[in-house]
Amino acid sequence: MKRKSLMVVIVSMSVAASAFALNLGDKAPTTDVKMKNVDGRELSIADAAGKEGTLVIFSCNHCPFVKAWQDRIASIGNAAKGKGVGVIVITRTIPLVIRGQFRRNAEARATVGLTFPYVVDVTSDVARAFGATRTPEAFLFDKDGKLVYHGAIDDSQKADEVSARYLQDATNALVSGKQIANKETKFVGCGIKYRTKT
């Protein structure tokens, strides 16, 4: 019964636009929008920001692409946080399943050892403002809040076949004050479906 209800709601949602809303150098949008973290606190991107910059990753627990990258997301995010980069993972959900989603978010966060916030964008307003279209999708901002990297975690779903560590290299370059070699990279993932604005 729950599965049928979920399917009905998904059908009523609009698919995310394919046009990328942010350009390199753009300021992070909707930084003051509060979203519920898995620990019950209301947090915004501004609350999670670090002195060296902020990493925002759009995610989804049941997405197979996210599952393939989740250990690397945890490793990169935890390391970045230790170097002064604020990190926040944002997932979207549906009102009918929000309670179960918080439980699953908490379980996923604990399973992979995330040390940073994992929040829910219930209205899709944050994802929409970013122009996020896939999960996982990474946005890295410098200490002035300007976009310096957008794209993939790395170049392979299979950890043992990675040859280009885009996000890790970008965060390392950011905190070292060096130029980021690959500022925009192609990414694959599950499509984000925006909730219809009311």
Side-chain angles (χ1 to χ4, degrees), residues 3 6-7 9-11 13-22 35 37-38 45 48 54-81 85 87-94 97-98 100-122 124-141 147 149-171 180 182-195:
R3 183 182 297 272
L6 177 60
M7 290 175 65
V9 176
I10 288 176
V11 169
M13 301 172 89
S14 58
V15 178
S18 59
F20 178 42
L22 296 182
M35 296 168 281
N37 189 33
V38 294
I45 293 171
T54 309
L55 172 60
V56 179
I57 300 176
F58 288 88
S59 184
C60 176
N61 287 341
H62 60 263
C63 172
F65 292 94
V66 170
K67 290 179 179 179
W69 270 293
Q70 64 184 5
D71 289 338
R72 281 166 280 172
I73 290 172
S75 177
I76 294 168
N78 291 342
K81 182 183 173 186
V85 176
V87 184
I88 186 169
V89 171
I90 301 174
T91 184
R92 66 138 193 93
T93 191
I94 303 164
V97 294
I98 192 166
Q101 183 68 43
F102 281 128
R103 186 188 69 251
R104 288 189 292 274
N105 286 354
E107 291 171 351
R109 184 176 186 268
T111 298
V112 298
L114 302 184
T115 62
F116 41 86
Y118 196 129
V119 300
V120 176
D121 177 22
V122 176
S124 297
D125 287 348
V126 176
R128 186 180 285 109
F130 272 74
T133 59
R134 301 282 171 185
T135 61
E137 184 173 351
F139 295 81
L140 179 64
F141 300 88
L147 184 65
Y149 174 80
H150 167 241
I153 307 303
D154 51 45
D155 65 347
S156 178
Q157 284 181 258
K158 297 180 179 180
D160 59 354
E161 295 181 6
V162 173
S163 60
R165 305 182 187 279
Y166 302 127
L167 183 56
Q168 180 178 318
D169 290 347
T171 55
I180 295 173
N182 296 296
K183 298 180 179 180
E184 290 184 288
T185 58
K186 292 182 179 180
F187 54 95
V188 296
C190 300
I192 295 176
K193 296 180 175 67
Y194 296 157
R195 280 186 50 76

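This one's a predicted model, so the numbers in the text were calculated from it and none came from an experiment.
- Evaluation of the side chain to side chain donor-acceptor pair (under 3.5 Å) rule for Asn182 yields no partner, not counting sequence neighbours.
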Intermediate values then yes/no, side-chain contact (heavy atoms from CB on, under 4.5 Å), Phe116 and Asn78: CA-CA 7 Å; Phe116 41 86; Asn78 291 342; 3.2 Å; yes
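- Between the CZ atom of Arg165 and the CD1 atom of Ile153 there is a distance of 12.5 Å, given to the nearest 0.5 Å.
- In this structure, Pro136 and Ile73 approach most closely via the heavy-atom pair CB-CD1, 3.9 Å.
- The minimum heavy-atom distance linking Ile88 with Ala48 is given by the pair CB-CB, 4.0 Å.
- With sequence neighbours left out, Tyr149 forms a side chain to side chain donor-acceptor pair (under 3.5 Å) with Thr185.
- For the pair Ser124 (side chain) and Arg195 (backbone), a donor-acceptor distance under 3.5 Å is present.
- For Asp125, the side-chain contact (heavy atoms from CB on, under 4.5 Å) partners are Thr123, Arg128, Lys197, not counting sequence neighbours.
- Taking every heavy atom of both residues into account, Ala80 and Val87 meet most closely at CB-CG2, 4.2 Å.
- For the atom pair CG (Leu140) and CD1 (Ile76), the distance works out to 11.0 Å, reported to the nearest 0.5 Å.
- In terms of the ring pair (Phe, Tyr, Trp, His ring centres under 6.0 Å) criterion, Phe65 has no residue partners (sequence neighbours excluded).
- The heavy-atom pair separating Cys60 from Thr135 by the smallest distance is CB-OG1, 3.8 Å.
- With values rounded to the nearest 0.5 angstrom, Thr54 atom OG1 is found 13.5 Å from Phe139 atom CZ.
- The minimum heavy-atom distance linking Glu137 with Gly131 is given by the pair OE2-O, 4.4 Å.
- Counting only distance, with no hydrogens or angles, the side chain of Ser75 and the backbone of Asp71 share no donor-acceptor pair below 3.5 Å.
- Residues satisfying the ring pair (Phe, Tyr, Trp, His ring centres under 6.0 Å) test with Phe141, not counting sequence neighbours, are Phe130.
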side-chain contact (heavy atoms from CB on, under 4.5 Å) assessment of Val56 paired with Ile90: CA-CA 7 Å; Val56 179; Ile90 301 174; 3.7 Å; yes
Criterion side-chain contact (heavy atoms from CB on, under 4.5 Å) on Val119 and Asn37, from CA distance to verdict: CA-CA 4 Å; Val119 300; Asn37 189 33; 3.9 Å; yes
Disulfide bond (SG atoms under 2.5 Å apart) between Cys63 and Cys190, intermediate numbers included: CA-CA 6 Å; Cys63 172; Cys190 300; 2.1 Å; yes
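- Listed by chain and residue number, nothing satisfies the side-chain contact (heavy atoms from CB on, under 4.5 Å) test with Ala79 (two or more places apart in sequence, or in another chain).
- When the salt bridge (Lys or Arg N to Asp or Glu O under 4.0 Å) test is applied to Arg72, the partners found at least two apart in sequence or on another chain are Asp154.
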CA sep, side-chain torsions, deciding dist, call: His150, Leu22, side-chain contact (heavy atoms from CB on, under 4.5 Å): CA-CA 9 Å; His150 167 241; Leu22 296 182; over 6 Å; no
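- Shown here are the side-chain contact (heavy atoms from CB on, under 4.5 Å) partners of Lys158, two or more places apart in sequence or in another chain: Ser156, Asp160, Glu161.
- Annotation for Ser59 and Val89: closest pair CB-CG1, 3.5 Å, computed over non-hydrogen atoms.
- No side-chain heavy atom of Asn61 sits under 4.5 Å from any side-chain heavy atom of Thr91.
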